[in-house]
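One-based numbering, in listed order, for ligands and for the atoms of each.
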Amino acid sequence: MKKGNFLTYNPEETEALGAELGATLAPGSVIALSGDLGAGKTTLIKGVAQGCQAAAGHEVNSPTFTYLNIYPGAKPLYHFDLYRLKGVKDFLDLGFDEFLASDGICCLEWAHRISDLLPKRTIFIHILSIDPTSREITIS
Ligand code: ADP
Ligand code: MG
């Protein structure tokens, strides 16, 4: 698995980093993303979807109004945006914990809303905006 600090200078580079990571992910991987609005979380997940060959023919957008988008594939990708989630209880009430235990790949924007539920194997990615087009991306 790719780990460390990476600098990107445009959205395409962030997507490419996501694709590299996506290609190496084992079934059942969980990726917790943090970083401000507009940092590039959705952009990176777009790359992960390409890398793990999910979402063929599907548009990868921010699921802001739905909490969850599913991109089917051999390794399906479950793309969560928990920005509007109030807490762990809502996540559990919607039955979403099932996805964390599945064979698919889970990518969660604003994952700290459910930090208590994240498995030990979780890959953490923080994206920091340095200027309008530079991002520091930390994978741990
Ligand atoms: P988030 O999901 O974190 O709110 P998005 O991925 O939806 O962020 O949006 C990131 C925005 O920042 C896009 O408008 C994108 O074009 C822009 N951007 C500029 N430079 C970069 C970069 N190096 N990496 C990612 N996005 C970038
Ligand atoms: Mg987003």
| Donor-acceptor contact below 3.5 Å, side chain K41 vs main chain W110 |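 A pair under 3.5 Å: no.
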| query | K75 side chain to L25 main-chain N or O, any donor-acceptor pair under 3.5 Å? | reply |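 At least one qualifying donor-acceptor pair exists.
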Would you call [X] a ligand 1 contact, heavy-atom distance under 4.0 Å?
X	answer
G35	no
S129	no
E13	no

Which atoms of ligand 1 are found less than 4.0 Å from any heavy atom of [X]?
X	value
P132	19 (C), 20 (N)
K41	1 (P), 2 (O), 3 (O), 4 (O), 6 (O), 8 (O)
D36	3 (O)
L37	4 (O)

| So do the side chains of I137 and I125 get within less than 4.5 Å of each other, counting heavy atoms only? |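 A side-chain contact under 4.5 Å exists here.
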| field | For the student: nearest non-hydrogen atoms of Y83 and R113, plus distance | value |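 It is O-NH2, 2.9 Å.
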| query | Do any nitrogen or oxygen atoms of S134 lie less than 3.5 angstrom from nitrogen or oxygen atoms of ligand 1? | reply |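 No; every N/O pair is 3.5 Å or more apart.
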| field | Region of N10 that comes within reach of ligand 1 [heavy atoms, distance under 4.0 Å] | value |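 The answer is the backbone of N10.
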| task | Could you see which bit of T14 sits under 4.0 Å from ligand 1, with heavy atoms only: side chain, backbone, both or neither? | result |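 For T14, only side-chain atoms sit under 4.0 Å from ligand 1.
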| request: To the nearest 10 degrees, calculate the angle at the Mg ion (ligand 2) involving OG1 of T42 and OE1 of E109. | output: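 Between OG1 of T42 and OE1 of E109, the angle at the Mg ion (ligand 2) is about 90°.
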| query | In terms of ring plane angle, is the pair F99 and F80 parallel, tilted or perpendicular, where the classes change at 30° and 60°? | reply |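 Perpendicular: the ring planes of F99 and F80 meet at over 60°.
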| task | On the 0 to 90° scale, with breaks at 30° and 60°, tag the F96-F91 ring pair as parallel, tilted or perpendicular. | result |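 Rings of F96 and F91: perpendicular, over 60°.
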| query | Would you say the side-chain atoms of H126 and T138 include a donor-acceptor pair closer than 3.5 Å? | reply |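 There is no such pair between these side chains.
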| For T43 and T14, does a side-chain donor sit closer than 3.5 Å to a side-chain acceptor? |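 No, T14 and T43 have no side-chain donor paired with an acceptor closer than 3.5 Å.
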